[in-house]
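Heads up, the thing below is written out as structure tokens.
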Amino acid sequence: MKQFLTALFLLVCIVNSVAQNYDEAKVPAYVLPEIFTTSAGQGVKSRKAWEDVRRPEILKLFEDNIYGQMPKDYDSIRYTLKNEDKAAMNGKARLKDVAVQVFRNKKSIQINLLLFVPNNAKKPSPVFVLINNRGKDNTDPTRKIKSGFWPAEMVIDSGYAVAAFHVSDLAPDNKETYMNGVLQLYPEHLKADNGMRAIGAWAWGASRVMDYFENDKDIDVKNVIVVGHSRGGKASLWAAAQDQRFAVCVTNCSGNTGAALARRQFGERITRINTTFPHWFNNNYKKFNDKENELPVDQHMLIALIAPRPLYATNASKDLWADPTGTFLALKKAEEVYALYGMKSKLPANPPGINVPVPKPPLAYHNREGEHDLTAYDWGNFIKLMRSRP
Ligand code: GCU
């Protein structure tokens, strides 16, 4: 029986992976929803019409159909410095280990925020904050373990503060237990088809960390860069789309329901993501299983919500699952909103070659050679983007 079940499992895995398209020639013809046409069919031509009418409309479409509502209210928030080391990283940085506690309806959650600030800073430091979806070892506060996923020394040496929190503080990444976190504060969301789910909870956490930064004099709150990889990159996009206090967004290998166009149906598809990770997005999103073309939005519109702030999207050459071409095309389509702000994109007409980064505002992109990952190469380019900002 056990052998039979193992064989069956392997078969299902093979069928599933074969079922995904990796052939450009098989990408169906598709029409993207127009960024500049309102639901009522009106054309949007001015910045004012974009900001007052179309932008809020698109944001609501993403809330209702994909990521869920983003609760803004809570009873109170408390910041506690749990631990501090003024001479961390051999004296280069100050470590702050902060508990961010949020209270609502007599319930609370705690976000454990790690923050290193450069000691030689003469003014408040811009900060990169990572939504960590991988092992906590990647953000070792003692710095005994070093990882390219969060190369804290490199970021500090470049003159930026660097921070991280773990998704499990907000919502465990598990379809059975994801509600044991932020959703305990907002149980009404669990009952709503357009309620928040795990990815929304992680993005909500990024906003609470932003609340903290607004109260930390070491931090330059006008220059907070939210970073996420893969599922964390879906969350960093959503965080920056709905919270305009984030100055810059980095979405690394975020793929389906991240920075890649759904309608291309290349690599991972909506049915698959909703089946494997039913706790990531709201119930309404399930209606679009195998029906990408019926979505009132596509992911270029999520990027458009971040304009005029800089966005950096990346891919890896061996990570076809995340559709590198579909990511590049989503950025290209979003250019028109940046143009409305008088910003000219530096992206080439076609996807740049492997390891040919374009770390230039407002829309930065690269396709790194290698696997699905977040590496020091990627971070080096995020820093270049920051340096080439006007
Ligand atoms: C899976 C999932 C992706 C996700 C990735 C990750 O591959 O299908 O959508 O981005 O995990 O988070 O690493």
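Both counts, for ligands and for their atoms, begin at 1 and track the order of listing. In this chain, numbering begins with 1 at the start of the sequence shown.
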Could you tell me the residue and atom name of the protein heavy atom closest to [atom], and the distance to it rounded to 0.1 Å?
atom                   : result
atom 2 (C) of ligand 1 : F277 CE1, 3.4 Å
atom 4 (C) of ligand 1 : S230 OG, 3.2 Å
atom 9 (O) of ligand 1 : E268 OE1, 2.5 Å
atom 7 (O) of ligand 1 : W321 NE1, 3.1 Å

_I'd like to know whether the aromatic ring centres of Y67 and F281 sit less than 6.0 Å apart in this structure._
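Centroid separation for Y67 and F281: below 6.0 Å.
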*asked:* Aromatic contact between F128 and W379, with the criterion being ring centroids under 6.0 Å apart: yes or no?
replied: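 They qualify: ring centres under 6.0 Å apart.
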*Any idea which atoms of ligand 1 are less than 4.0 Å away from a heavy-atom of K234?*
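Those atoms are 3 (C), 4 (C), 9 (O), 10 (O).
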_Using a 4.0 Å cutoff against the non-hydrogen atoms of I273, which atoms of ligand 1 qualify?_
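Going through ligand 1 atom by atom, the ones under 4.0 Å from I273 are 9 (O).
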_Mode of N256 contact toward ligand 1 - side chain, backbone, both, neither (heavy atoms, under 4.0 Å)_ =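 It is neither; nothing of N256 touches ligand 1.
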_Over 12 foreign heavy atoms within 6.0 Å of NZ, K72_ =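 More than 12 within 6.0 Å, yes.
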*Mark yes when over 12 heavy atoms from residues, nucleotides or ligands other than K346 sit less than 6.0 Å from its NZ; otherwise mark no.*
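Atom NZ in K346 is packed in, count exceeds 12.
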*Give yes or no for whether the N/O distance cutoff of 3.5 Å, strictly under, is met between R231 and ligand 1.*
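Looking only at distances, the answer is yes, because the N/O contact criterion of under 3.5 Å is met.
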*So, is H372 polar-close to ligand 1, with some N/O to N/O distance under 3.5 Å?*
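Indeed, backbone or side chain, H372 has an N or O that close.
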*Can you tell which of R269, R264, R263 makes a salt bridge (charged side-chain N to carboxylate O under 4.0 Å, His left out) with E292?*
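Going through R269, R264, R263 one by one, the salt bridge (charged side-chain N to carboxylate O under 4.0 Å, His left out) with E292 is satisfied by R269 alone.
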*K106 and D75 ion-paired at < 4.0 Å*: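 Answer for the salt bridge query: no.
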